[in-house]
2 protein chains.
Amino acid sequence: MENATINLDARARTLLRTLIESYIRDGQPVGSRTLARTSGLSVSAATVRNVMADLEDMGLIHSPHTSAGRIPTPAGYRLFVDSLLEVRNPSPEDIRAIQSGFDPSASTQDLMDATSNLLSRVTRMAGMVRLPRHRNVALSQIEFLRLGEGRILAILVIDGKEVQNRVLELDRDFSQDELQRMANYLNAHLAGKSLHAVRAELLREMRDVRDDLDAMMLAAIDLGEKAVGDEDPDDVVVAGQTHLLGYEELADMARLRQLLEAFNEKQEILGILDQCIRGDRVQIFIGRESGLDWFENCSVVTAPYSVDGEVVGVLGVIGPTRMSYDRVIPIVDVTARLLGSALGDHPVDDSK
Amino acid sequence: MENATINLDARARTLLRTLIESYIRDGQPVGSRTLARTSGLSVSAATVRNVMADLEDMGLIHSPHTSAGRIPTPAGYRLFVDSLLEVRNPSPEDIRAIQSGFDPSASTQDLMDATSNLLSRVTRMAGMVRLPRHRNVALSQIEFLRLGEGRILAILVIDGKEVQNRVLELDRDFSQDELQRMANYLNAHLAGKSLHAVRAELLREMRDVRDDLDAMMLAAIDLGEKAVGDEDPDDVVVAGQTHLLGYEELADMARLRQLLEAFNEKQEILGILDQCIRGDRVQIFIGRESGLDWFENCSVVTAPYSVDGEVVGVLGVIGPTRMSYDRVIPIVDVTARLLGSALGDHPVDDSK
DNA sequence: TTTAAGCACTCGACCGAGTGGAGCGCTGAC
DNA sequence: GTCAGCGCTCCACTCGGTCGAGTGCTTAAA
């Protein structure tokens, strides 16, 4: 089957491309006559029918019923986006809309919100942004606050601008003085190092001086790792889900509900995005390819974004499989680039 | 018109009640024959028709077209919930489901999330909880952290369990030592006092000793007020919006989209809930009563919840106007009570 | 072998007429 | 005031027929 797609001659490819473009534009099954007229080829409708029969055998198109036109199958879309599609350059107004959406002085969280809003507004589909993984991010400060018996608040300042805090429940009680000393110790040792490095260092020291203080520090670092680590369900921000209600190919209430619930849970969205994080360019998921059945008739277009040459996250849109890939792909692409460079400008450096 | 509703005799009231109950159950227009049979009254269908004509004149019911049965108008629902409705006691399994949803040791945020989830799960509609106003809440601790030139992180611990932090941008730079002193001063003075009281006290002091330190403290308190204050759009948590996709009376995509967008914006939801915060019992909004046109065919059922006898917030559900008020009202009611008492148990007091 | 023309066929969309049933309003008797 | 009966209205459903788009197949030409 996979080889069969390679065997497509130029004419068949042109016809398939024209058919899919036409279907994406109008949403109507395409018949042989219209296809023969619009393809630009000088062939008759009958010939087109023969080619279409071949394409149908290969599983690239199918008719919803006898004597209707043909519509692309998921496999047809796949071939289309992989090797038939010619992406347009983004239109000037799209570019303007995207560029004006970035405020490099905003906090990371605000930047994520703005970006997913942007994606959804420009594409009129649902936008999503996977938050940057702070894998090798520098912890610039850590503080502890005693809340009560055995309850301690840990405050982590990351890169001098992000703040995260968590409550630790401990067996042993620490006085505020002890906590202050521990924080001083940690701040002295971890200045500018990544969480991973700090953790390794602490583990090494612990082997020597085994006491509660170190256990506490280790706990703090563990917490730090968890706070900025992976698989936090809040690690993806979504916007514009409601746009999906407008597409009549998604009008099935039961499926629509599954879809919106997936956005609320975020877990499955996260899974999809994480699949896309490898690969350095735009990636596309079509229909059930991801194995999720609520995903029928939907596609995602994603692109990773990088800071200083390292991929730190993914963003993308989700919409009906019948979408204008030639418009959406470049939008997602340049948004990813702009987000990357906006993240690269640390507001700490240029504050005031 | 309003007086007319008062003039309803017992028989007309019984018929109206039976009609609305029947329509809520089946979703079908109710005809005179069925109504005569099910009302329990020993009157003929023809008599029922006469009464129905009167009710229609009063604007309480109407027929979707000639020679269909009657369905309640918003005014009919209004009269129904105000004076015709007999609420059931919540069913045992509902009670169990509600009670098991409360974990008094959870943080306020978690409690809100759990409660709105609970409401939506039990009623199969959308649940929402307006976060408690911390009007007179005690600030138990405040700390400052220097992030960079003129950038300070303020950490507020409220009631010994809530933590809020905000970044302050200031004109003047403070050293960590200065900040520490300020925090110590503040902590010594505001221990256990409410934000309002603290603010008033600071303003009084400032009139005497006018220096930058006090300005800073005032800024910190201002921030504190803002952090826990009102009109933060995140002040309401919503859950289970997708349940609304299942009701065919809300199946109009355009309206449905407006509805879901209102849930995302939260602003209008907030407005509705704030209207309900006065009044000490369950309140009900029906259809367009709130002036929002996306609200057609929808109703809200809300109840305020109190801690130590003082109303601190509102919770409720939103669903189709054609809902089982007799089931939903008690559910909302007991949920509000339970949330209030769960909030009353401070986890600090009974920790460990 | 490829291309194209013709033809029969299929299927959905649409329209109009006909039918059954639910339900209403009205009238007149009690 | 009550209510049985009658005629009427309107909806929902079905049935048959037509139209148009589109297909598959066959056949003939290039």
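Note that the structure is predicted; figures quoted are calculated from it, not measured. Throughout, a chain's letter reflects where its sequence line sits, starting with A, and its residues are numbered from 1.
Each of B:S42 and B:H65 was matched to the nucleotide of DNA chain D holding its nearest heavy atom; the match closer to the 5' end belongs to B:S42. A residue-by-residue look at B:A46 and B:S67 shows that B:A46 has its nearest nucleotide of DNA chain D further toward the 5' end.
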Donor-acceptor pairs are to be reported for all side-chain atoms of residues 77-86 of chain A against protein atoms at under 3.5 Å, with residues two or more places apart or in another chain.
unit_1: A:R78; atom_1: NE; unit_2: A:D82; atom_2: OD2; d: 3.3
unit_1: A:R78; atom_1: NH1; unit_2: A:I284; atom_2: O; d: 3.3
unit_1: A:R78; atom_1: NH1; unit_2: A:E289; atom_2: OE1; d: 2.7
unit_1: A:R78; atom_1: NH1; unit_2: A:E289; atom_2: OE2; d: 3.0
unit_1: A:R78; atom_1: NH2; unit_2: A:I284; atom_2: O; d: 3.2
unit_1: A:S83; atom_1: OG; unit_2: A:L79; atom_2: O; d: 3.2

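In 5' to 3' order, the nucleotides of DNA chain C bounding all contacts with chain B (an atom under 4.0 Å from a heavy atom) are C:dA22 to C:dG25. In 5' to 3' order, the nucleotides of DNA chain D bounding all contacts with chain A (an atom under 4.0 Å from a heavy atom) are D:dA21 to D:dG24.
For the 3.5 Å distance criterion, the side chains of A:E261 and B:T242 qualify, holding a donor opposite an acceptor. Side chains of A:E268 and A:W294: a donor-acceptor N/O pair is present below 3.5 angstrom, by distance only. Residues A:S91 and A:D94 have side chains that bring a donor and an acceptor to within less than 3.5 angstrom of each other. For the residue pair A:S39/A:T14, the side-chain donor-acceptor check at 3.5 Å is not satisfied.
No side-chain heavy atom of B:S116 sits less than 4.5 Å from a side-chain heavy atom of B:L315.
Of the residues listed (A:R17, A:R25, A:R88), the one engaging A:D326 in a salt bridge (charged side-chain N to carboxylate O under 4.0 Å, His left out) is A:R88, and it is the only one.
Nucleic acid contact class of B:T66 (heavy atoms, under 4.0 Å, all strands): sugar-phosphate only. Contact annotation for B:A68: backbone-only contact, meaning every heavy-atom pair under 4.0 Å involves sugar-phosphate atoms and none involves a base.
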(Q) As a quick check of understanding, evaluate side-chain contact (heavy atoms from CB on, under 4.5 Å) for A:R255 and A:L250, giving each step before the final call. (A) CA-CA 7 Å; A:R255 283 219 184 286; A:L250 305 177; over 6 Å; no

